[in-house]
Amino acid sequence: MSLNPVIADVTARIVARSRDSRAAYLANMEQAIANQPGRAKLSCANWAHAFAASPGVDKLRALDPNAPNIGIVSAYNDMLSAHQPLEAYPALIKDAAREVGATAQFAGGVPAMCDGVTQGRPGMELSLFSRDVIAMATAVALTHDAFDSALYLGVCDKIVPGLVIGAMTFSHLPALFVPAGPMTSGLPNSEKARIRALYAEGKVGREELLAAESASYHGPGTCTFYGTANTNQMLMELMGFHLPGSAFVHPNTPLREALVKESARRVAAVTNKGNEFIPVGRMIDEKSFVNGVVGLMATGGSTNLALHIIAMAAAGGVQLTLEDLDDISRATPLLARVYPNGSADVNHFQAAGGMAFVIRELLKAGLVHEDVQTIAGAGLSLYAQEPVLEDGVLTWRDGAHESLDTAIVRPVSDPFSKEGGLRLMAGNLGRGVMKISAVKPEHHVIEAPCAVFQEQEDFIAAFKRGELDRDVVVVVRFQGPSANGMPELHNLSPSISVLLDRGHKVALVTDGRMSGASGKTPAAIHVTPEAAKGGPLAYVQDGDVIRVNAETGELKIMVDEATLLARTPANVPASKPGFGRELFGWMRSGVGAADAGASVFA
């Protein structure tokens with residue numbers, strides 16, 4: 001089918017806007033390719049250092065100019081369930097590399113923090129900035145210039161975007177991303193949300209809450225709701241960074257192990273040593289990013305990706321805007337309902353058809369570009385396949401042609417909604433985004449007096465005092481990247497949900513983040529300019545009436561501009577010490593705006 005005209009128009013304007021930056025990026029890539037292989041330029045002393053600890057067979061093979069050497073960059077740690085399975089990957093990769101006449105080295109590790117652990121804690125103020133730290137750590141790992149391609153091992157929140165930024169910087173190296181997969185299903189997410197709401201109201205105690213949380217997060221693998229981690233995995237599929245169908249295969253299974261090994265074989269095959277050279281700078285282009293955005297909208301993915309995909313694209317010389325995201329969302333039907341957008345988890349999504357079905361539907365409707373290069377080869381249609389083991393041998397077959405559960409995933413001809421999951425919000429309070437895929441239509445328009453807070457703890461205290469038991473727009477400001485690193489504010493969610501369940505009209509407006517776990521409450525987030533930069537949020541006062549209209553994308557305070565700006569702005573709270581926050585002052589001072597990706601590299 002021919003390409004959807006909106007997708008075509010958005011792609012064309014991204015290409016035009018990015019012409020100079022993309023040309024400069026590609027010129028740098030071609031120069032780096034011309035200088036390869038870097039390993040050949042190592043002096044004898046350099047070479048000896050690079051391979052001193054390698055086994056004898058690897059050390060000898062590294063001397064062969066035609067033997068690829070694969071760099072492994074990993075986010076492994078054994079505290080976080082999503083990354084714990086990565087511990088075993090390097091050994092599998094090295095063995096598989098040897099089978100095809102290549103070598104592999106663990107080039108370096110990158111930090112991996114969990115927003116689920118740091119939620120509501122001081123460490124959350126380091127969360128967003130960890131993305132750019134990961135990108136820099138990736139550069140350090142690969143800077144030895146001893147590699148012909150790279151495998152990137154990571155899963156969650158800021159980890160995958162940081163690895164992508166790092167990978168795009170090493171544009172001359174082929175790049176393949178290796179996930180760990182989701183944990184098996186535990187306590188249903190709807191039941192977990194019910195217990196959280198009861199705890200917020202004081203109707204159950206901490207023991208009941210901990211039991212519910214432990215039954216939900218109970219083993220190795222990614223959390224099973226459709227948050228940022230699983231949105232990342234969707235994105236890596238649709239952009240062609242994964243082997244087809246590898247996003248949602250469970251860890252510690254024969255199929256997962258086979259995919260890890262095949263990743264090593266594949267990334268060894270696409271170096272400049274052979275006939276199928278696929279450097280990441282050529283592989284990932286404007287069309288790749290448009291495909292990723294379409295996937296984000298079609299599946300109702302995490303609002304965090306509204307930040308990350310703009311920053312990732314910039315690393316490849318591609319200039320994305322929130323307007324691009326909004327236009328794509330309005331042209332893309334919502335095809336999936338995975339918690340918090342529905343009751344199913346990602347395992348149910350995978351069983352009902354998963355990414356192969358969604359990609360096939362998007363291709364049939366002309367909503368994504370087929371003519372893209374991927375790590376698996378030419379054409380996105382390769383990703384309408386799914387991996388299987390036949391007599392112990394990894395192969396691919398056609399994925400589902402029809403949904404196996406239309407309560408979870410649907411065809412383009414019968415979507416959950418004619419539009420996608422994200423909305424640009426703009427008006428005299430600034431501009432931000434809202435995840436609308438989980439918000440019922442009757443909650444799309446709210447106009448009510450606001451209650452203003454500068455700390456999420458202050459909101460929770462006011463809720464417990466009963467001061468918010470009414471129609472209200474909750475404003476939480478000074479939560480942007482320059483103020484305190486832009487933490488996620490999910491500690492607010494249970495209490496706000498309780499107000500909504502009591503029949504009140506409620507919305508949240510903030511310059512902070514909410515992420516893929518953004519639920520049923522309308523939330524205009526990432527508001528830019530942020531309060532700490534003198535944005536209109538700094539001038540809002542308790543009782544001001546604010547309109548939040550998800551249908552039109554309007555974010556408006558019902559106070560005229562002259563009156564608003566005649567007020568004295570609220571003072572920016574002082575930075576708090578401890579938990580490493582002192583080390584990130586330079587990032588708070590130099591970070592770009594949220595609508596440009598909230599990056600220190602901008």
Side-chain angles (χ1 to χ4, degrees), residues 73-76 80-83 85-86 110-116 127-128 130-132 134-135 138 151-168 175-183 221-249 251 263 280 284 288-289 291-313 315 320 325 336 338-341 345-346 349-350 354-355 358-359 375 383 421-422 435 488 513-518 597-598:
V73 181
S74 177
Y76 162 73
L80 306 181
S81 63
H83 293 92
L86 303 178
V110 302
M113 64 171 286
C114 177
D115 293 356
S127 172
L128 177 60
S130 75
R131 181 195 66 193
D132 292 359
I134 289 162
T138 300
L151 290 172
Y152 300 91
L153 282 51
V155 180
C156 291
D157 298 272
K158 269 55 68 184
I159 293 93
V160 166
L163 289 170
V164 169
I165 293 169
M168 295 303 294
L176 197 160
F177 277 64
V178 187
M183 68 176 69
T222 314
C223 305
T224 59
F225 68 91
Y226 196 45
T228 308
N230 288 317
T231 303
N232 284 338
Q233 303 315 305
M234 173 282 301
L235 192 71
M236 294 299 95
E237 292 274 314
L238 260 161
M239 292 184 66
F241 270 118
H242 277 174
L243 292 180
S246 60
F248 300 125
V249 175
S263 296
V280 69
I284 302 298
S288 307
F289 282 106
N291 285 354
V293 174
V294 172
L296 175 64
M297 304 312 170
T299 58
S302 169
T303 54
N304 271 327
L305 270 297
L307 296 168
H308 299 325
I309 200 164
I310 291 173
M312 289 188 282
L320 281 179
L325 272 61
V338 185
Y339 187 86
N341 308 332
D345 68 18
V346 293
F349 167 73
Q350 176 75 356
M355 289 305 304
V358 169
I359 290 172
I375 197 64
Y383 288 77
L422 207 66
K435 181 177 176 179
E488 289 182 358
R513 294 186 293 127
M514 289 294 281
S515 95
S518 300

To the nearest 0.5 angstrom, please state how far the [atom1] atom of [X] sits from the [atom2] atom of [Y].
X      : Y      : atom1 : atom2 : answer
Cys223 : Asp115 : SG    : CG    : 10.0 Å
Leu320 : Ile310 : CG    : CD1   : 6.5 Å
Met168 : Met312 : CE    : CE    : 10.0 Å
Asn291 : Leu238 : CG    : CG    : 6.5 Å
Ser127 : Glu488 : OG    : CD    : 5.5 Å
Leu151 : Ser74  : CG    : OG    : 10.5 Å

*List for me each residue that meets ring-ring contact (aromatic ring centres under 6.0 Å, His included) alongside Tyr152, sequence neighbours excluded, and say none if there are none.*
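Partners of Tyr152 by the ring-ring contact (aromatic ring centres under 6.0 Å, His included) criterion, ordered by chain and then number, come out as Phe177.
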With side chains defined as the heavy atoms from C-beta onward, is the minimum distance between [X] and [Y] less than 4.5 Å?
X      : Y      : result
Val280 : Phe241 : yes
His308 : Val160 : no
Met113 : Leu80  : no
Leu235 : Ile309 : yes
Ile284 : Val164 : no
Lys435 : Asn341 : yes
Pro179 : Ser246 : yes
Thr299 : Thr231 : no

*Step-by-step side chain to side chain contact (heavy atoms under 4.5 Å, CB included) determination, Met234 to Leu296*: CA-CA 8 Å; Met234 173 282 301; Leu296 175 64; 4.3 Å; yes
Determine whether a donor-acceptor pair (N or O, by modelled atom type, separation under 3.5 Å) exists between the side chain of [X] and the backbone of [Y].
X      : Y      : value
Asn232 : Asp157 : yes
Glu237 : Gly245 : yes
Asn230 : Phe225 : yes
Arg513 : Thr303 : no
Thr222 : Ala229 : no
Tyr383 : His242 : yes

Can you see which heavy atom on [X] is nearest to which on [Y], and at what distance?
X      : Y      : value
Phe349 : Ala336 : CE1-CB, 4.0 Å
Ala311 : Gly597 : CB-O, 4.0 Å
Ala75  : Ala112 : O-CB, 3.5 Å
Ile165 : Ala135 : CG2-CB, 3.7 Å
Ala180 : Leu86  : CB-CD2, 4.1 Å
Lys158 : Ile134 : O-CD1, 3.8 Å

*Given side chain to side chain contact (heavy atoms under 4.5 Å, CB included), test Leu128 with Leu307 step by step and report yes or no.*
CA-CA 10 Å; Leu128 177 60; Leu307 296 168; 4.3 Å; yes
*Any side-chain donor near an acceptor of the partner, Thr228 and Ser302, under 3.5 Å*: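 Looking only at side-chain atoms, Ser302 and Thr228 do form a donor-acceptor pair, the distance falling under 3.5 Å.
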